[in-house]
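Read the structure below first, then the notes.
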Amino acid sequence: MRLSRRQALTSTAALAAAPLLGPAPAGGAASRAEKQAPSFYRYKVGDIQVTVVSDGRFTFPLEDSFITNAKKEEVNAALEKAFLPRDVFTIYFAPLVINTGGKLVVIDTGNGALAREKTKTNGMFAENMAAAGFDPRAVDMVVISHFHTDHVNGLLTADGTPAFPNAEVLVPATEWKFWMDDGEMSRAPAGRMQGLFKNNRNIFDAGLKRKVTPYEWGKEVAPGLLAVESVGHTPGHSSYVLSSGSGKVFIQSDVTNNPNPFATHPGWHAFFDQEPDVAEKTRRRIYDMVVTEKLQIQAFHYPFPGLAHLEKDGDGYRVIPTPWNPTI
Ligand SMILES: [Zn+2]
């Protein structure tokens, strides 16, 4: 039997590869993984250790009403420019676990156990936190940035009991006052806003029995963690400066959502910004400060792990993600 040159080359390649691959499984290819690896990422800010823990993502059809002051075609053009698919939008979620001065501090809690069952793609904070080696019973403090479902619903387990049973829960004083005010609740427009009020009463009344500690801006809420006013997205929306030694990072919460298109187009108003003009002013003020000070940011809704620097780029901002560090 004579081999063609092509057959000879192929069989030589197959022989060369054989020792690396081992015996081929009978009947075909190796099985494929069904799941991504648990997503968490560690880094240091001075003596403080930060673990970014993914809560997952949410992908939904892009509606005309998603951005209230830009047409869907403009939004699609911005998505395509960022090599993202048209007509859909993805939001990522990433709470933090911070080991600061002997205290274990969680910042925001993700979409919660019920969302995990319903969506399959988010509400993953609890399982990813466990994969990162943290026991929720060991958490000393939970700091909440604002009262939207993707930040507070992880405060409760699937059966409605506190997910961090030994933790003090710290909430922005202004946020607490707004959402727990019965007058504000009675005046809330039907639909989304009424739903948010109802959800917050369920979390903080039924679940936590109002056992929270309100905090003020300009004060340290945990060792090395300074609360900063960044209102507009909600009335009491808060960000943080985390610092230790010469290390510093600005934890922005929801100053922007996904940077494509909200950092590239800071003037675009998403429907979920409660006071859109105030939110835009805050966004530009904070991003200009971050650019001037060359401050690293940690962003809840950026693609994982959401650690980045910013640069001014025309009317908007360019995001430069921090390279993944395989060691700590
Ligand atoms: Zn959010």
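Only this structure's heavy atoms are used, side chains among them; waters, hydrogens and symmetry mates stay out. None of these values were measured; they are calculated from a predicted model. Both counts, for ligands and for their atoms, begin at 1 and track the order of listing.
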Is the closest basic N to carboxylate O distance between Glu73 and Arg86 below 4.0 Å? yes
Q. Any Lys/Arg nitrogen of Asp205 or Arg210 sitting under 4.0 Å from an Asp/Glu carboxylate oxygen of the other?
A. yes
message: Just checking: Asp150, one of its N/O/S atoms, less than 2.8 Å away from the Zn ion (ligand 1), yes or no?
response: yes
**Prompt:** So does His151 have any N/O/S atom less than 2.8 Å away from the Zn ion (ligand 1)?
**Reply:** yes
Take the angle between the ring planes of Phe93 and Phe300 and call it parallel below 30°, perpendicular above 60°, tilted in between.
perpendicular
- Query: Do any N/O/S atoms of His301 come under 2.8 Å of the Zn ion (ligand 1)?
  - Reply: yes
Original post:
Quick one: is the NZ or CZ of Lys312 closer than 6.0 Å to the six-membered ring centre of Tyr317, and within 45° of its axis?
Top reply: yes
To the Zn ion (ligand 1), the closest N, O or S atom belonging to Asp254 is OD2
